[in-house]
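Here the structure is a predicted model, which means the values were calculated and not measured.
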Amino acid sequence: MIDAATAYSRMAALCSLSEHAESDVRERLQKAAIPVAEIQGIVDRLYDEDFLNTSRYCHAFAHDRMRFARWGRLKIRQALRMKGLPEADIQEALDDLSEEEYREALRATLEQKKRTLVHEEEYACRTKLMRFAASRGFTPSEIIDELGA
C-alpha cells in the first residue's frame with residue numbers, strides 16, 4: 001500500500017500525460033488500496049490543480065473516438081455517460097465535433113464494411129451496412145443520408 005502523497009503524485013503525473021476521467025482515477029486508487037476518505041481528497045486536489053477537468057476530458061474522448069475508432073455520436077454519448085460525466089459537458093463535446101470529419105468517419109466506416117459485402121444482393125448489403133453503422137453509434141437518418149435514399 002502506498003501513502004496518499006505518493007498516490008497523488010502518481011495520479012498527477014498520469015493526468016499530465018493524457019486526459020483521464022474521475023472514474024478512471026478512482027478505480028486506479030482503489031486498486032492501489034487507498035482508503036476511500038483519502039481518495040476523495042486526492043480527487044479534489046487533482047480538480048483544484050486542473051489535472052482533472054471533465055469538459056476537457058469529454059472533448060478529447062469524443063474527438064479521439066470519432067477520429068480513430070470511427071464511433072458515432074450515440075456511442076460516444078453512451079460511453080461518456082457510463083463514466084459518470086456531466087450531461088452538459090458531454091453535449092458540448094458532441095456539438096464541437098467537426099461535421100466534416102464526422103461525415104468522413106461515417107463514410108469510411110461504410111466503405112470499409114462494403115468491401116466485405118462484395119457478393120451480397122443490394123437490399124441485403126444496404127441492410128447490413130445500416131446495421132453495422134448503427135452499431136457504431138450513427139443515427140439512422142445520418143446513415144440514410146450517406147447511403148442515399
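- Rounding to the nearest 0.5 Å gives a distance of 12.5 Å between OG of Ser18 and CZ of Phe61.
- We find the SG-CG distance between Cys58 and Asn53 to be 9.0 Å, quoted to the nearest 0.5 Å.
- A search for side-chain contact (heavy atoms from CB on, under 4.5 Å) contacts involving Asp96 returns His59, Glu92, not counting sequence neighbours.
- Other residues, nucleotides and ligands place more than 12 heavy atoms under 6.0 Å from the CZ atom of Arg26.
- Grouping Ile, Leu, Val, Met, Phe, Trp and Tyr by side-chain contacts under 4.5 Å, direct or through others, leaves Val118 on its own.
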**OP:** With salt bridge (Lys or Arg N to Asp or Glu O under 4.0 Å) as the test, would you mind laying out the steps for Arg107 and Glu111 before giving the verdict?
**Re:** CA-CA 6 Å; Arg107 196 171 302 117; Glu111 286 299 319; over 6 Å; no

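- Residue-environment remark: NZ (Lys114) stays at or below the threshold of 12 foreign heavy atoms within 6.0 Å.
- Summarising the geometry, atom CG belonging to Leu129 is positioned 11.5 Å from atom CD belonging to Gln112; distances are rounded to the nearest 0.5 Å.
- A pairwise comparison of heavy atoms in Leu106 and Glu142 identifies CD2-O, 3.5 Å as the closest pair.
- At a threshold of 4.5 Å between side-chain heavy atoms, the hydrophobic network of Ile, Leu, Val, Met, Phe, Trp and Tyr places Leu80 and Leu97 in one connected group.
- Contacts of Glu38 classified as salt bridge (Lys or Arg N to Asp or Glu O under 4.0 Å), with partners at least two apart in sequence or in another chain: none.
- A ring pair (Phe, Tyr, Trp, His ring centres under 6.0 Å) check over residues 9-45, counting only residues at least two apart or in different chains, returns nothing.
- Note that the CG atom of Leu117 and the CG atom of Leu110 stand 10.5 Å from one another [nearest 0.5 Å].
- A salt bridge is defined here as a Lys NZ or Arg NE, NH1 or NH2 lying under 4.0 Å from an Asp or Glu carboxylate O, and Arg103 with Glu99 meets this definition.
- Here Ser9 pairs with nothing under the side-chain contact (heavy atoms from CB on, under 4.5 Å) rule; sequence neighbours left out.
- If you chain together hydrophobic residues whose side chains sit under 4.5 Å apart, Met66 and Leu94 fall into the same group.
- Ala105 and Arg70 get closest at one heavy-atom pair: O-CD, 3.7 Å.
- Counting side-chain heavy-atom gaps under 4.5 Å among Ile, Leu, Val, Met, Phe, Trp and Tyr, Phe68 is found in no cluster with other residues.
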**OP:** Would you please test Glu87 and Arg77 for salt bridge (Lys or Arg N to Asp or Glu O under 4.0 Å) and show each step?
**Re:** CA-CA 9 Å; Glu87 188 63 35; Arg77 178 186 303 279; 2.6 Å; yes

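- Residue Gly148 comes nearest to Arg126 through the heavy atom pair O-NH2, 2.9 Å, listed as atom of the first residue, atom of the second, then distance.
- Chaining together hydrophobic side chains whose heavy atoms lie under 4.5 Å apart places Met11 alongside Ile2, Tyr8, Leu14, Val25, Leu29, Ile34, Ile39, Ile42, Val43, Leu46, Tyr47, Phe51, Leu52.
- Residues forming a side-chain contact (heavy atoms from CB on, under 4.5 Å) with Glu122 (at least two apart in sequence, or on another chain): none.
- Clustering ILVMFWY residues whenever any of their side-chain heavy atoms sit less than 4.5 angstrom apart, transitively, puts Met130 in the very cluster that holds Trp71.
- Legend: residues meeting salt bridge (Lys or Arg N to Asp or Glu O under 4.0 Å) with Asp44, ordered by chain and number and at least two apart, are absent.
- With values rounded to the nearest 0.5 angstrom, Arg56 atom CZ is found 11.5 Å from Asp89 atom CG.
- Applying the ring pair (Phe, Tyr, Trp, His ring centres under 6.0 Å) test to residues at least two apart or on different chains, the pairs with a partner in residues 97-132 are Tyr102-Phe138.
- For Gln78, the side-chain contact (heavy atoms from CB on, under 4.5 Å) criterion is met by Arg81, Met82, not counting sequence neighbours.
- Within the structure, ring pair (Phe, Tyr, Trp, His ring centres under 6.0 Å) contacts touching residues 80-99 (residues at least two apart or in different chains) do not occur.
- How far OG of Ser16 is from CD of Glu49: 12.0 Å, rounded to the nearest 0.5 Å.
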